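Below: one structure, written as structure tokens.
None of these values were measured; they are calculated from a predicted model.
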Amino acid sequence: KIAARAGITAGAIYKHFSGKEEMFGELFHACGKKLMRITESMLGVDFSALSDADLVQVLYSKISMQTLQEDMQLLHMLLKNDSGTYLAHFRSIYIERCTKFAANYYEELYRRGISSKKLSEKTIYMLSSSEFSMICEMIADDACQNGITEEMKAAFTEAMTVLLRGLEAELGIQYQTGGDKI
């Protein structure tokens, strides 16, 4: 089917790949590399250079949804067809990087007195895992294979809002919708 859609013979595919699993791995690797570059760039963010308002805005920026939208069709296909190997590898790296990013972020909130409490690394890891799981649910939904539907976007936003309100309460952060400190 792949060869026919590409307008080539099956033999031409086997010239480059030993089988579907290797082809799948190459697709996942290429897509994963792009997402890894994005997560790697997150690690280099200097939160100390941001104003208080900009720092707080990071909490509400929905970075993960913005990142995924353009590759949704490919991500959907990869997630639905993965035997578990590629996703597990990507998950561990992604969550590790998100945890480091978030730990630096929450530390800066605390250092500035915007947050009245520190979160443990394990808590931050669990929050990162939760977001990753929600992202995977969104990608795996058949209605989202060509892009995130408005219904799924609303559900993801609502779930993230619940998570954020819990974070605000736990950390003692009190901000109005506009981001101004109360």
Let me confirm one number: the [atom1]-[atom2] distance from [X] to [Y], rounded to the nearest 0.5 Å.
| X | Y | atom1 | atom2 | answer |
| --- | --- | --- | --- | --- |
| Glu150 | Cys144 | CD | SG | 10.0 Å |
| Asp141 | Cys136 | CG | SG | 12.5 Å |
| Asp142 | Thr149 | CG | OG1 | 11.5 Å |
| Leu171 | Ile114 | CG | CD1 | 11.0 Å |
| Tyr110 | Glu107 | OH | CD | 8.0 Å |

Between [X] and [Y], which heavy-atom pair has the shortest distance, and what is it?
| X | Y | value |
| --- | --- | --- |
| Ser115 | Ile173 | CA-CG1, 4.1 Å |
| Leu55 | Glu108 | CD2-CG, 3.7 Å |
| Ser116 | Gly172 | OG-CA, 3.6 Å |
| Ser48 | Arg112 | O-NH2, 3.2 Å |

**Cluster overlap Tyr14 with Ile8, hydrophobic side-chain contacts below 4.5 Å** =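 As far as the 4.5 Å side-chain criterion goes, Ile8 and Tyr14 are not connected within one cluster.
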
**Asked** Mind checking whether Ile124 and Met126 sit in one hydrophobic cluster, side chains of I, L, V, M, F, W, Y counted as touching below 4.5 Å?
**Response** yes

**Pair Lys100 + Glu96: basic N to acidic O under 4.0 Å** = yes

**Prompt:** Has Glu137 got more than 12 heavy atoms of other residues, nucleotides or ligands less than 6.0 Å from its CD?
**Reply:**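 Counting other residues, nucleotides and ligands, CD of Glu137 stays at 12 neighbours or fewer.
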
**Asked** Looking at residues at least two apart in the chain, or sitting in another chain, which of them share a side-chain hydrogen bond (donor to acceptor under 3.5 Å, both in side chains) with Thr123?
**Response**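 Thr123: side-chain hydrogen bond (donor to acceptor under 3.5 Å, both in side chains) contacts with Ser120.
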
**side-chain hydrogen bond (donor to acceptor under 3.5 Å, both in side chains) partners for Glu22, two or more places apart** = Ser18

**Asked** Looking at residues at least two apart in the chain, or sitting in another chain, which of them share a ring pair (Phe, Tyr, Trp, His ring centres under 6.0 Å) with Tyr105?
**Response**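 If we apply the ring pair (Phe, Tyr, Trp, His ring centres under 6.0 Å) test to Tyr105, skipping adjacent residues, the hits are Phe47.
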
Using a 4.5 Å cut-off on heavy atoms from C-beta on, say whether the side chain of [Y] contacts that of [X].
| X | Y | result |
| --- | --- | --- |
| Leu127 | Leu167 | yes |
| Ser129 | Arg91 | yes |
| Leu50 | Gln57 | no |
| Leu59 | Tyr106 | yes |
| Thr99 | Ile95 | yes |

**side chain to side chain contact (heavy atoms under 4.5 Å, CB included) evaluation trace for Val45 with Asn104** = CA-CA 9 Å; Val45 173; Asn104 291 336; over 6 Å; no

